2 protein chains.
Amino acid sequence: MPRISAVDRRAALVRAAVRVVAREGVAAATTRVIVAEAGMSLASFHYAFTSRDELMVELINAVVDGEESAFAPALQPAEGGVTMRDVVRAGLQSFFDAVRADPDREKAMFELTQWALREPGFEPLARRQYDRYFAVAESALTAAAALTGSEWRRPTAEIARMLVTLTDGLTIAWLVTRDDAAAATTMDFAADASGMLGYISLSDA
Amino acid sequence: MPRISAVDRRAALVRAAVRVVAREGVAAATTRVIVAEAGMSLASFHYAFTSRDELMVELINAVVDGEESAFAPALQPAEGGVTMRDVVRAGLQSFFDAVRADPDREKAMFELTQWALREPGFEPLARRQYDRYFAVAESALTAAAALTGSEWRRPTAEIARMLVTLTDGLTIAWLVTRDDAAAATTMDFAADASGMLGYISLSDA
DNA sequence: GTCTATAAAGTGATAGAC
DNA sequence: GTCTATCACTTTATAGAC
């Protein structure tokens with residue numbers, strides 16, 4: 001094999017590990033499976049990382065940093081006026097479409113959270129993961145307000161947390177039941193509720 | 001060791017496994033750890049069960065069947081009239097109090113769901129688990145309607161699913177952040193939303 | 001029935017040749 | 001740097017003495 005710098009090797013191993021975790025789960029992501037995915041020898045793993053836990057830290061940080069807004073497609077400027085209720089509904093649909101498009105990824109994200117919650121000393125990684133979720137949700141809420149000319153009546157951080165609560169619950173229930181119709185009903189309900197409780201239009205202010 | 005019937009041994013092993021899974025997680029619940037918890041030899045395990053997977057099936061069925069309504073304390077008849085909004089809020093609080101009282105149990109329930117979702121052929125167990133959650137939620141909603149003299153405007157099965165979505169999301173976020181105040185805000189929001197959208201009082205009907 | 005002992009396969013990590 | 005070979009340990013499961 002060609003000589004690869006330690007940093008490149010680390011990056012390649014993390015990318016391989018991400019694929020393995022999504023495809024086969026955290027428990028199956030052993031060092032041997034990961035190096036096979038990366039096309040390396042087992043010894044190369046421990047040349048790049050001192051331990052499997054060290055890779056796991058880098059892995060979680062990588063997927064968390066790479067987390068992008070699944071709500072974005074619904075937040076494009078549209079012709080004519082658009083209601084907050086409809087933007088929230090469309091944003092939830094965008095999120096849900098992303099879940100349906102790659103269920104293994106979502107399963108993996110939950111598994112990583114729970115792995116971090118169990119592994120002594122790794123709880124901060126789970127916190128970081130959720131801080132990122134909250135931040136992504138909050139910026140989507142801010143964009144939605146700008147798009148509709150409204151203002152959130154409660155602190156956006158508070159509503160963001162509610163939104164993450166909702167998307168987590170929605171995702172788990174769907175991963176278990178695969179019931180698209182039930183998911184749609186949940187999203188309708190949530191959009192109606194957010195419309196009634198969460199914001200005021202600027203013209204009302 | 002005294003002679004124990006196979007069925008008794010199975011039951012004892014399942015009870016031991018439940019404790020181990022709650023305390024140390026699914027991944028740490030090896031046959032050795034489980035038999036140690038039950039005070040048996042390793043060979044006794046395979047006398048009672050043909051495989052670890054067979055125990056896992058029985059384990060999940062046991063915790064799912066034993067699932068009781070965490071909403072119940074809030075559904076006791078009270079003096080004077082009580083609004084649906086307040087019953088929902090109190091029910092969520094009862095649920096949340098149970099989570100706070102035994103976080104390891106909740107962590108274990110999520111882990112078991114995800115284990116079943118990953119293990120080939122075990123998805124039906126995860127379905128069963130959520131069917132039970134939905135049923136528990138639905139009966140709580142029916143009891144709440146009776147208590148307040150109201151009627152749900154949508155099918156209770158639909159609202160039950162929303163309720164489970166909410167409690168799942170609430171639980172995960174709290175397990176990660178341990179933020180009681182944020183959880184309270186989420187519950188307030190959810191109670192307000194359910195009050196505005198989900199039911200009609202019988203006097204309106 | 002219940003045990004000890006062990007098989008067979010997997011794990012993370014390392015030594016040492018090249 | 002990169003490899004093969006291996007260590008020390010753990011896993012599920014079983015054989016066979018009692």
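Throughout, a chain's letter reflects where its sequence line sits, starting with A, and its residues are numbered from 1. Predicted model, so just to flag it, every value in this text is computed and none were measured.
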Interatomic distance, [X] [atom1] vs [N] [atom2] [rounded to whole Å]:
X	N	atom1	atom2	result
B:Phe45	C:dT4	CZ	C1'	18 Å
B:His46	D:dA13	NE2	P	5 Å
A:Leu13	C:dG12	CG	P	13 Å
A:Leu42	C:dG10	CG	C1'	12 Å
B:Leu55	D:dA13	CG	P	10 Å
B:Arg3	C:dT2	CZ	P	7 Å
B:Met40	C:dT4	CE	P	14 Å
A:Tyr47	D:dC3	OH	P	12 Å

Kindly indicate whether the side chain of A:Met187, heavy atoms from C-beta on, has any atom under 4.5 Å from the side chain of A:Leu166.
-> no

Which one of A:Leu55, A:Asn61, A:Ile60 satisfies the side chain to side chain contact (heavy atoms under 4.5 Å, CB included) criterion with A:Val57?
-> A:Asn61

With a 4.0 Å cut-off, would you call A:Glu67 and A:Arg132 a salt bridge?
-> no

B:Arg153/A:Asp192 salt bridge by N-O under 4.0 Å criterion = no

Under 4.0 Å: is that the gap between some side-chain N or O of A:Arg9 and OP1 or OP2 of D:dT2?
-> yes

Phosphate-side-chain proximity, A:Ser44 and D:dT2, N/O vs OP1/OP2 below 4.0 Å = no

Quick one: do the B:Gln114 and B:Arg118 side chains pair a donor with an acceptor below 3.5 Å?
-> no

Side-chain donor-acceptor pair under 3.5 Å between B:Ser44 and B:Ser41, yes or no?
-> yes

Parallel, tilted or perpendicular: which fits the ring planes of A:Phe96 and A:Trp174, with parallel below 30° and perpendicular above 60°?
-> perpendicular

Where does the angle between the aromatic ring planes of A:Tyr130 and A:Phe134 fall among parallel (under 30°), tilted (30 to 60°) and perpendicular (over 60°)?
-> perpendicular

For nucleotides 16-18 of chain D, which of its nitrogen or oxygen atoms have a protein nitrogen or oxygen under 3.5 Å away, and what is each distance?
none

Ranking C:dT2, D:dT2, C:dC3 by distance to the side chain of B:Ile4, first place goes to C:dT2

Within residues 21-32 of chain A, those residues having any heavy atom closer than 4.0 Å to DNA chain D are A:Arg32

Within 45° of the six-membered ring axis of B:Phe189 and under 6.0 Å from that ring's centre, is NZ or CZ of A:Arg154 located there?
-> yes

